[in-house]
Structures are given as structure tokens and as C-alpha cells.
Amino acid sequence: MPEVLLIKDYLEQQAEWAAAFQGFDIEVRDWKAHGMREAAAEIDYALVWHPEPGALARLPNLKLIFSLGAGIDHLTGDGRVPPGVPVIRMVEETLTAGMTEYVLYQVLRFHRAMPEYEHNQRRRLWRELPQIPARRRRVGILGLGVLGGAAATALVSLGFDVAGWSRTEKRLAGVTSCAGNRQLPAFLARTDILVCLLPLTPETACIINAANLAQLPQGAFVINAGRGGHCVEADLLAALDSGHLAGAALDVFPSEPLPQHSPLWRHPRVSITPHAASKTLPASSARHVIDNITRFRAGRAVGPLADFARGY
Ligand code: NAP
Ligand code: GLV
């Protein structure tokens with residue numbers, strides 16, 4: 001009997017998932033169709049996103065849990081993860097490349113004043129705006145992990161003046177490393193374009209707040225592709241409306257889909273994407289799962305493992 005892998009929302013992309021696991025010795029089943037009761041003891045692995053509370057704990061023989069996303073905040077609620085079952089984060093090239101593309105695009109868009117040119121085009125206004133060299137544009141990345149580190153390196157290659165903020169100090173070529181709460185004020189004060197790629201934890205929640213926004217230079221931009229819980233929406237709107245912030249690009253929101261009544265939808269200096277900065281695609285994420293299951297079967301180390309004590 002082959003081992004069994006349950007995948008959340010498998011049926012929505014069944015052809016892609018089936019192709020991705022073809023030739024690998026595993027039976028793939030859908031999370032919902034499985035019903036989470038019948039044959040629960042047959043399930044060996046689960047690839048999940050926002051599982052219902054307690055659902056994973058009802059799989060008595062679960063060996064590994066895979067997060068469908070890089071973030072594990074969907075698994076940190078009470079009783080979501082049965083004790084002793086390792087949780088593997090989604091870290092793979094395509095997800096990282098997608099986020100690098102998103103960050104480069106949004107940084108370049110603000111850096112080259114594209115929102116203002118688009119606004120002028122709608123008014124048939126022919127007006128050149130100042131062009132600032134990349135080396136004079138200071139980009140600051142909150143979170144210098146897998147995604148933040150890759151984005152920082154790509155921005156350095158374009159000539160930007162890049163700093164990153166993380167819990168522990170980093171050594172990344174061309175990137176100024178700032179670590180811990182003590183260095184946050186200096187990091188914010190030198191940041192013209194702030195990019196959030198932090199995990200959502202009790203320490204990082206609401207980090208894009210009035211006090212921190214006030215420390216950014218006048219006319220700064222904010223790009224949030226971490227989690228909606230990082231940003232205090234009212235504080236961001238106030239900073240945009242006062243003119244302290246020149247623009248924001250938001251991919252994530254405290255409530256998703258973003259509610260129809262949200263003032264963010266219509267704000268002239270806000271651009272919105274529907275949590276699509278970088279997506280987990282079946283082909284590449286299946287390679288990460290297959291690699292880990294192969295290692296696990298051989299008794300080798302798996303990962304990268306989520307650290308629930310740290311919260312990411
Ligand atoms: P990661 O490799 O774990 O990196 C997290 C970074 O945040 C690390 O540099 C870490 O510092 C830093 N950090 C954590 N807590 C901190 C704190 N209290 N103070 C300062 N720095 C702190 O995570 P990742 O793979 O880059 O993913 C980051 C996040 O991106 C995910 O958790 C998810 O929320 C988000 N994401 C969004 C999308 C999207 O489409 N919008 C897609 C994928 C991921 P250390 O290095 O010192 O530990
Ligand atoms: C998406 O938001 C992820 O965490 O990968």
C-alpha cells in the first residue's frame with residue numbers, strides 16, 4: 001500500500017497536482033473529499049493552508065505536515081498542530097522568485113514615479129518628473145529571511161541602497177544589516193521605500209503603525225507583502241492623507257478578501273493586489289514535498305522546519 005498525502009484544495013488544481021506527483025510513490029487525496037474522518041489512520045502526510053482547528057490532530061498516524069505557504073501563522077492557533085509532528089515551511093525557488101519579482105516591480109514603480117505618470121496621462125498632462133538614481137534611493141526590508149534576503153540581493157544588483165531588518169544580524173553582500181528593536185529607529189529613518197516581508201508573530205503584529213511610520217522620511221512609500229496583521233490600516237491611511245507617505249502597495253490585509261467597504265480600494269495613492277505577490281504553484285511545491293518525503297523515508301533531516309516557539 002502506498003503512503004497517502006492529503007492536499008488542501010487539491011481538486012481545484014487536480015490536473016496540475018496529479019502531474020506534479022506522477023511517478024512518485026504516493027497516493028494523493030483531497031482534504032475536503034477525505035472528510036477528515038474516514039480512513040483518518042491511512043494518512044501519512046498533509047499539505048495544508050488554514051486547516052480547520054483540530055483537523056490535523058484527528059489524523060493519528062500523521063508523520064509530517066507541510067505548509068502550503070512560507071508563513072505558518074495559519075497553523076499557530078490553539079490545537080492546530082498535533083504535538084510532535086514536524087511542520088515544514090514552503091521554501092522553494094519559484095515562490096522566492098515570484099516574491100522577488102513583486103518587490104522589484106513595486107519598488108521600481110515607486111522609484112520611477114509611475115503612479116504619478118499614470119495619473120498625469122489620465123489628465124493628458126505632459127510633465128517630466130525628477131529622476132533619482134537608484135543609488136540614492138534607500139530601500140528598507142523588514143524581514144531579511146528567505147524572501148527578504150532574495151529581494152534585497154536583487155535590489156542591490158539594480159544599484160539601490162538597501163538595508164534589512166531582522167531579529168539576528170545578517171551578512172548579505174551590499175546590504176546594511178539592522179537587527180532587533182534597538183536598531184529599528186535608525187533603519188526606519190534611512191528608508192525611502194519600506195518593504196514588509198516579516199512573518200506575523202506577536203512581536204511583529206502592527207509594526208506598520210503611526211509611531212513607526214512617523215520615523216520614515218517625508219514622502220516615503222510602503223509595500224506590504226508580509227501579512228495584513230502587520231499594518232494598522234487607520235495609521236497607514238492617516239499617513240497617506242497627511243502627505244507624510246507618498247504611496248502604498250498592499251498585497252495582504254487583516255481580512256481577506258478585502259471588504260468592499262474598505263477605503264483602501266478607492267484611495268488614490270494605494271495600489272492593491274489580492275494576496276498574489278507570490279503563489280505556491282503545484283509543480284515546484286510538489287518537488288519540495290517529494291524531496292522532503294524522500295529524505296524522511298531515508299531517515300535524513302527534513303526542512304526547513306517551522307519553529308513554533310519563535311512563531312515562524
Ligand atoms: P523567513 O525566512 O522565516 O524570514 C523571516 C524574517 O523575519 C527573518 O529574517 C527573521 O529574522 C525576521 N523576523 C522575524 N521576527 C522578527 C522580529 N521580531 N524582529 C525582527 N525580525 C524578525 O520567512 P520567509 O520565507 O522570508 O517569509 C516571510 C513572510 O512572507 C511569511 O511569513 C509570509 O507572511 C510572507 N509571504 C507572503 C506572500 C504573499 O504572497 N504575500 C508569499 C509568501 C510569504 P531572523 O533571520 O533573525 O530569524
Ligand atoms: C503566502 O502568503 C505564503 O505564506 O506563502
Side-chain angles (χ1 to χ4, degrees), residues 8-9 47-51 66-76 87-103 105-106 140-154 162-172 175-188 194-209 212 222-231 248-254 256-258 271-282 284-285 288-289 303-312:
K8 190 87 193 292
D9 301 331
L47 175 56
V48 294
W49 182 247
H50 287 281
F66 292 90
S67 167
L68 262 164
I72 56 144
D73 46 303
H74 63 110
L75 292 168
T76 48
V87 174
I88 299 175
R89 292 200 315 117
M90 186 54 66
V91 172
E92 54 88 12
E93 277 175 15
T94 308
L95 185 68
T96 304
M99 185 57 83
T100 300
E101 286 170 9
Y102 172 87
V103 172
Y105 172 77
Q106 296 294 1
I141 305 186
L142 290 168
L144 212 47
V146 174
L147 301 179
T153 299
V162 183
W165 183 71
S166 44
R167 219 171 31 84
T168 56
E169 207 177 311
K170 304 283 168 219
R171 275 169 198 263
L172 265 181
V175 179
T176 303
S177 167
C178 304
N181 289 334
R182 213 171 45 83
Q183 292 187 9
L184 185 60
F187 165 85
L188 293 170
L194 182 72
V195 180
C196 179
L197 281 174
L198 285 165
L200 186 62
T201 68
E203 290 75 35
T204 65
C206 299
I207 192 163
I208 305 173
N209 58 34
N212 285 338
V222 169
I223 298 167
N224 187 15
R227 285 287 183 261
H230 287 130
C231 184
L250 307 175
D251 183 60
V252 285
F253 305 89
E256 295 179 359
L258 181 63
S271 89
I272 286 172
T273 44
H275 200 143
S278 190
K279 298 210 259 197
T280 301
L281 302 178
S284 48
S285 56
H288 168 71
V289 171
L305 293 173
D307 179 340
F308 282 87
R310 267 185 347 185
Y312 63 99

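If you're wondering where the values come from, they're calculated on a predicted model, not measured in any experiment. Index from 1, following the sequence. In each ligand, atom 1 is the first atom listed, and ligand 1 is the first ligand listed.
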A276 backbone acceptor or donor facing D251 side chain under 3.5 Å: yes
Heavy-atom check, side chain of L75 versus side chain of P51, under 4.5 Å: yes
Whether F187 and W165 hold their rings parallel, tilted or perpendicular, with breakpoints at 30° and 60°: tilted
Rounded distance [0.5 Å steps], NZ in K279 versus OG in S284: 12.5 Å
Spatial distance of atom OG1 (T94) from atom NE2 (H288) [nearest 0.5 Å]: 12.0 Å
L194 CG to L142 CG distance, which is reported to the nearest 0.5 Å: 4.5 Å
Heavy-atom neighbours of E256 CD exceed 12 at 6.0 Å: yes
Donor-acceptor under 3.5 Å (H230 side chain, P199 main chain): yes
Ligand 1: protein residues within heavy-atom distance under 4.0 Å: A70, G71, R89, M99, G143, L144, G145, V146, L147, W165, S166, R167, T168, K170, L197, L198, P199, E203, T204, A225, G226, R227, D251, V252, H275, A277, S278, Y312
Pairwise distance CZ(R310) to CZ(R167) - rounded to 0.5 angstrom: 5.5 Å
Protein residues having a heavy atom less than 4.0 Å from any atom of ligand 2: W49, G69, A70, G71, R227, H275
